[in-house]
> 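Handing you this structure, nothing more for now.
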2 protein chains.
Amino acid sequence: MRTAEKAAATEWPTPKEGLGIGQLENHLGYFLRRLQIWVFQDFIQTLRPMKVRPAQYSVLLVIEANPGRSQAAIAQTLSIERARLARLLHVLEKRKWISRRASASDARSHSLYLTNDGEKALTRIKILAKRHEAQLAGFIGPRRRQQLLDLLREFG
Amino acid sequence: MRTAEKAAATEWPTPKEGLGIGQLENHLGYFLRRLQIWVFQDFIQTLRPMKVRPAQYSVLLVIEANPGRSQAAIAQTLSIERARLARLLHVLEKRKWISRRASASDARSHSLYLTNDGEKALTRIKILAKRHEAQLAGFIGPRRRQQLLDLLREFG
DNA sequence: CTCGATTGTTGTCAATGACAACATTGTGCC
DNA sequence: GGCACAATGTTGTCATTGACAACAATCGAG
């Protein structure tokens, strides 16, 4: 039993082609990262016509879903640092996709909105994002994609 | 039916506390990245006593599982660029954890091995890594962790 | 042998996350 | 009202990571 335990814990199948990954097989983070990299790569490629990166896209969607909120609120929602969000917004503002207005209730904060240009752009962006999601479903299978989404969504 | 479709596609629950994330709810990449960041953060924190980062850890495990292989083979296995792996190995070599020997069959390539120090360090590293994985199971639940692992492992 | 491919290395650039400092403004407390 | 402390947005800096290009040395096919 002791030897069986040891064997079960240390032996890993070495595929004929390529190398084995050893105990990485037991690490969720490894596979999580590999898939995440694939997903982001595909997203960047698919969204290249609009030159939108994942972080920018997430900011646009959250502003769309919560117009008029402050940068701090957006940053907290997306777990982005305020400093980083400020720079992201600077780019989006230069592209005329968002506008910062002075908040009526708090002179420190800015209220964030999509501009008309931003809404138009987001419409096109969403079409590409949908295509990306379809490609992802093709890569890992629609069923597995939904299972992963359900599992991960529960503690966003 | 048309209105129902539209409602199902555009309305999102806005939680009482915090902001909604809009159509990000439908993007696997978003949740994938959030969990991956949590996992890596916890890994880095837990492994801090050994000052090992995820990439270094993965390299050590793959060398352990495939001693004597070339940098190109390791890089391909982990989908790391040769350039990046070279710099990673420089650090590991300075810490006396790995050794590069001239390959007998190919003068261009190096054969990679763990040193005795490297094996000893890896033993301690694995203990911390196991602790990290336990913490992850505590965070998302052991059952969900296993489900995610099974789902993700199928197309490493 | 010659030409193209492979291997390891170095340099550079962009994106990202982390931290610190700062001016401005809000809030709680006396 | 006045004061200390917190929050907000901004800028600067640093480290990590991935991507790409160039290079010398070497291999392999023809």
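Basis for what follows: all heavy atoms, side chains included, without hydrogens, waters or symmetry-related copies. Sequence lines set the chain letters: A, B, ... in the order given, protein chains first and strands last, and positions in each chain run from 1.
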> Select one nucleotide: of C/dT25, D/dT17, D/dT11, the one nearest the side-chain heavy atoms of A/R108.
C/dT25
> Keeping the roles fixed (side chain from A/R84, backbone from A/I80), state whether a donor-acceptor pair exists under 3.5 Å.
no
> Quick check: does any side chain N or O of A/S70 sit under 3.5 Å from a backbone N or O of A/H110, one acting as donor and the other as acceptor?
no
> Please find the pair of heavy atoms, one from A/F43 and one from A/V52, that lie closest to each other, and give the distance.
CE2-O, 3.9 Å
> Any side-chain N or O of B/H90 under 4.0 Å from OP1/OP2 of C/dG8?
no
> Once you build an axis from the first five pairs and another from the last five of the helix from C/dC1-D/dG30 to C/dC30-D/dG1, how far apart in angle are they, to 10 degrees?
30°
> Could you check how far CH2 of A/W38 sits from P of D/dG18, rounded to whole Å?
18 Å
> Measure across B/I44 and B/P54 and return the closest heavy-atom pair with its distance rounded to 0.1 Å.
CG1-CD, 3.8 Å
> I want to confirm an ordering. Mapping A/I37 and A/R69 to their closest nucleotides on DNA chain D, which one lands closer to the 5' end?
A/R69
> Among D/dT17, D/dG12, C/dT9, find the nucleotide with the atom closest to the side chain of B/R100.
C/dT9
> Donor-acceptor pair, distance only, cut-off 3.5 Å: does the side chain of B/R82 make one with the backbone of B/Q71?
no
> Give a yes or no answer on whether the side chain of B/R69 reaches the backbone of B/I74 with a donor-acceptor pair at less than 3.5 Å.
no
> In whole Å, I'd like the distance from the NE2 atom of B/H110 to the C1' atom of C/dG8.
6 Å
> Given atom CZ of B/R87 and atom C1' of D/dC20, what is their separation to the nearest angstrom?
11 Å
> Distance check: side-chain N/O of B/R53 vs OP1/OP2 of D/dT17, anything under 4.0 Å?
yes
> Could you check how far CD1 of A/I80 sits from P of D/dT8, rounded to whole Å?
16 Å
> Would you kindly give the CD1-to-P distance between B/I44 and C/dT16, to the nearest whole Å?
17 Å
> 5'-most contact on DNA chain C: B/A72 or A/D106, nearest heavy atom basis?
B/A72
> Provide, to the nearest angstrom, the distance between the CZ atom belonging to A/R82 and the P atom belonging to C/dT24.
17 Å
> Looking only at side-chain atoms of B/S109, point me to the closest of C/dG11, C/dT7, D/dT11.
C/dT7
> Quickly work out the A/R84 CZ to C/dT16 P distance and round it to whole Å.
4 Å
> For A/Q41, answer base if it contacts any base atom (sugar-phosphate contacts may also be present), sugar-phosphate if it contacts only those atoms, and nothing otherwise; contact means non-hydrogen atoms under 4.0 Å.
sugar-phosphate
> To the nearest Å, how far apart are B/Q71 CD and C/dG8 C1'?
6 Å
> With nearest nucleotide decided by heavy atoms, which residue, A/A107 or A/P54, maps closer to the 5′ end of DNA chain C?
A/P54
> For A/Y57 and B/H27, take the angle between the two ring planes, folded into 0 to 90°, and tell me which bin it lands in: parallel under 30, tilted 30 to 60, perpendicular over 60.
perpendicular
